[in-house]
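Below is one structure, written out as structure tokens; the observations come after it.
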Number of protein chains: 2
Amino acid sequence: MGDRQVPDIVVGRLPIYLRALTFLKADNREITSSQELGDRLGISSAQIRKDLSHFGEFGKQGTGYEIRYLENNLKEILHVDRMWDVVLVGAGDLGNALASYKGFAGRGFHVAAAFDADPDKIGHEMPGGLLIEDVANLEARVQAAGWKIGIIAVPADAAQSVANTLVGAGVIALLNYAPISLIAPSSVRVEQIDPAVHLQHLTYYLG
Amino acid sequence: MGDRQVPDIVVGRLPIYLRALTFLKADNREITSSQELGDRLGISSAQIRKDLSHFGEFGKQGTGYEIRYLENNLKEILHVDRMWDVVLVGAGDLGNALASYKGFAGRGFHVAAAFDADPDKIGHEMPGGLLIEDVANLEARVQAAGWKIGIIAVPADAAQSVANTLVGAGVIALLNYAPISLIAPSSVRVEQIDPAVHLQHLTYYLG
DNA sequence: GGTCTATTGTCAAAAGTTGCACAATCATAG
DNA sequence: CTATGATTGTGCAACTTTTGACAATAGACC
Ligand SMILES: NC(=O)c1ccc[n+]([C@@H]2O[C@H](COP(=O)([O-])OP(=O)(O)OC[C@H]3O[C@@H](n4cnc5c(N)ncnc54)[C@H](O)[C@@H]3O)[C@@H](O)[C@H]2O)c1
Ligand SMILES: NC(=O)c1ccc[n+]([C@@H]2O[C@H](COP(=O)([O-])OP(=O)(O)OC[C@H]3O[C@@H](n4cnc5c(N)ncnc54)[C@H](O)[C@@H]3O)[C@@H](O)[C@H]2O)c1
């Protein structure tokens, strides 16, 4: 504990722990152990204890972890003890799914605005009721609102340019769904989601 | 080269390399280098060369890699030099986006069938034209067709049971979108996609 | 209060991964 | 046909991550 540079790979597991704790809480459980969490997540109990120890001492010997307490601490560590506005670019099929996704709210995120380039879409509402704005106004709106997180759900050939606009406007965290590796300044964090990449990882192991 | 147990972390990068090569090819490029690939992907050139060397020698000293040749080899290695039928469970917002996603075809995948539990949806068509079938028939249909890959896009509380059905019917690779860590036999490979997990990974680094 | 069981937090060892550096070699130009 | 420049594949060293083991200790029970 007391480390001042936690490995990124450890940080990446914290949301998984948090998700598991929320799940247990919904099941009216009050206490859990590194062993139980590990079994559920397919991770060794030692690793969970080690990971958590970077941030403090959250458990009690002989007993384990109070779920609500550890959950709150993880939320704080991950900075999701607040709501983050997220700006969505691309109001296609995927954008629609994301805009109406109920799962964000409980986990710290709110899709604050959506942008598209298609004149037939601009001015209309997305399934969730969010207005589709003109991507021409993206930079100004992001700057004015001070949004820090962007989700990119446009075709691959538009993704880098959208990313550049977002970064230019002050966004410093990007979640990219387009099947392309974005290039961004090292001060900007990028996470990529590409189902084909995951599926191809799987097929390697299929005869 | 000649290894007979390639680290999973290496396998996980191959689809990224493949994607980058396809992108370069679309740009009418014929030759690339580990240096160029690395710059685009934010990976060291040495790592790319090392990764590839697990599978053979694909480059030429002084020149680099012939894009089409390396691409074909990676497709073979990842077993996407063929089309895989994929079974989709859950015809909600996300299922709709996945069913009509144009990006799968070029990368080895075809959504062969979709299932849902909602009587109002069963019998109707998804946006892409795919018939929504009754999840009650899931096991029998999977068994009969011999599908090996499943995508789970149902709510979290139904995901584990759907996974169990799929595995019971012979599926050995799962892509899970539900925000829950699935438990599966070790013979079954599972990949998880959860945008909130990615976003929380990002927010850790935001003050 | 003492004993027993469960479980943490942590140290050190083991295992795994990445990066460095360079000989080997290919293409090109003189 | 030799020199030059580029770039691979790889052995080895450095670094990172995971695992095993266990003292410390909380709580339950007698
Ligand atoms: N549909 C899926 O399930 C799925 C899954 C994974 C990844 N993706 C990827 O996500 C992205 C979006 O997928 P989709 O299925 O929603 O595609 P889509 O074609 O339905 O939607 C893309 C939207 O982006 C808009 N757009 C295009 N250029 C733009 C620009 N410069 N600025 C703002 N908006 C712009 C289009 O008008 C359209 O509304 C694609 O890159 C796709 O490869 C989609
Ligand atoms: N919408 C998104 O952008 C998004 C993003 C990430 C993850 N997810 C997750 O993906 C899953 C689906 O999301 P969604 O937005 O499409 O939800 P949704 O509610 O729109 O759709 C879920 C579908 O699953 C069906 N279903 C429920 N139980 C079923 C069962 N036992 N068998 C078969 N079908 C069943 C429902 O009838 C419904 O059609 C959820 O777990 C969600 O958390 C969604």
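Lettering of chains follows the sequences in order, A, B, ..., and the numbering in each one begins at 1. Reckoned from all heavy atoms, side chains included, excluding hydrogens, waters and symmetry mates.
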Find the distance Leu41(A):CG to dT18(D):P and express it as a whole number of Å.
14 Å

Any side-chain N or O of Arg13(B) under 4.0 Å from OP1/OP2 of dT17(C)?
no

Starting from the 5' end of DNA chain D, give me the residue, Val10(A) or Gly59(B), whose nearest nucleotide shows up first.
Gly59(B)

Over 12 foreign heavy atoms within 6.0 Å of CZ, Arg29(A)
yes

Which stems does DNA chain D form, counting runs of 3 or more consecutive Watson-Crick or G-U wobble pairs with both distances under 3.5 Å?
C:1-30 with D:1-30

Please classify the nucleic acid contact of Ser34(A) as base, sugar-phosphate, or nothing, using heavy-atom distances under 4.0 Å.
sugar-phosphate

Look at Tyr65(B) and dA6(D) and indicate whether a side-chain polar atom (N or O) is within less than 4.0 Å of OP1 or OP2.
no

Less than 4.0 angstrom from a charged side-chain N to a carboxylate O is my criterion; do Asp194(B) and Arg107(A) meet it?
yes

May I have the distance from Gln47(A) (atom CD) to dT16(D) (atom P), rounded to whole angstrom?
17 Å

Taking atom P of dG9(C) as reference, at what distance in whole Å does atom CD of Gln35(A) sit?
15 Å

Rounded to whole Å, the CZ-C1' distance (Arg49(B) to dA6(D)) equals 11 Å

Side chains of Ile149(A) and Leu174(A), heavy atoms from C-beta outward: is any pair under 4.5 Å?
no

Is Asp93(B) salt-bridged to Lys102(A), cutoff N-O under 4.0 Å?
no

Side chain to side chain, Phe55(B) and Asn73(B), heavy atoms closer than 4.5 Å:
no

Distance-only, no hydrogens or angles: does the Trp147(A) side chain make a donor-acceptor pair with backbone N or O of Ala169(A) under 3.5 Å?
no

Does CD belonging to Gln143(A) count more than 12 external heavy atoms closer than 6.0 Å?
yes

Looking at dT17(D), dT17(C), dT10(C), which one has an atom nearest to any side-chain atom of Pro7(A)?
dT17(D)

In whole angstroms, the gap separating P of dG9(C) from CG of Leu52(A) amounts to 7 Å

Whether His110(B) side chain and Asp85(B) backbone form a donor-acceptor pair below 3.5 Å:
no

What is the distance from CD1 of Ile9(B) to C1' of dG19(C), rounded to the nearest Å?
14 Å

Under 3.5 Å between N/O atoms: give me all the protein pairs with nucleotides 26-28 of chain C, atom names plus distance.
residue: dC26(C); atom: O4'; partner: Gln61(B); partner atom: O; Å: 3.4

With a 3.5 Å cut-off and heavy atoms only, can you find an N or O donor on one side and an acceptor on the other between the side chain of Lys50(B) and the base of dG9(D)?
no

Starting from C1' on dT7(D), measure out to CD1 on Ile48(B) and report it in whole angstrom.
13 Å

Can you measure from NE2 (His201(A)) to CG (Asp8(B)) and round to the nearest 0.5 angstrom?
3.5 Å

Between Ile31(A) (CD1) and dT8(C) (C1'), how many Å, whole number?
13 Å

Is the closest side-chain heavy-atom distance between Ile67(A) and Glu30(A) below 4.5 Å?
no

Closest approach to the side chain of Ser33(A), judged atom by atom: which nucleotide of dG20(D), dT7(C), dT8(D) is it?
dT7(C)

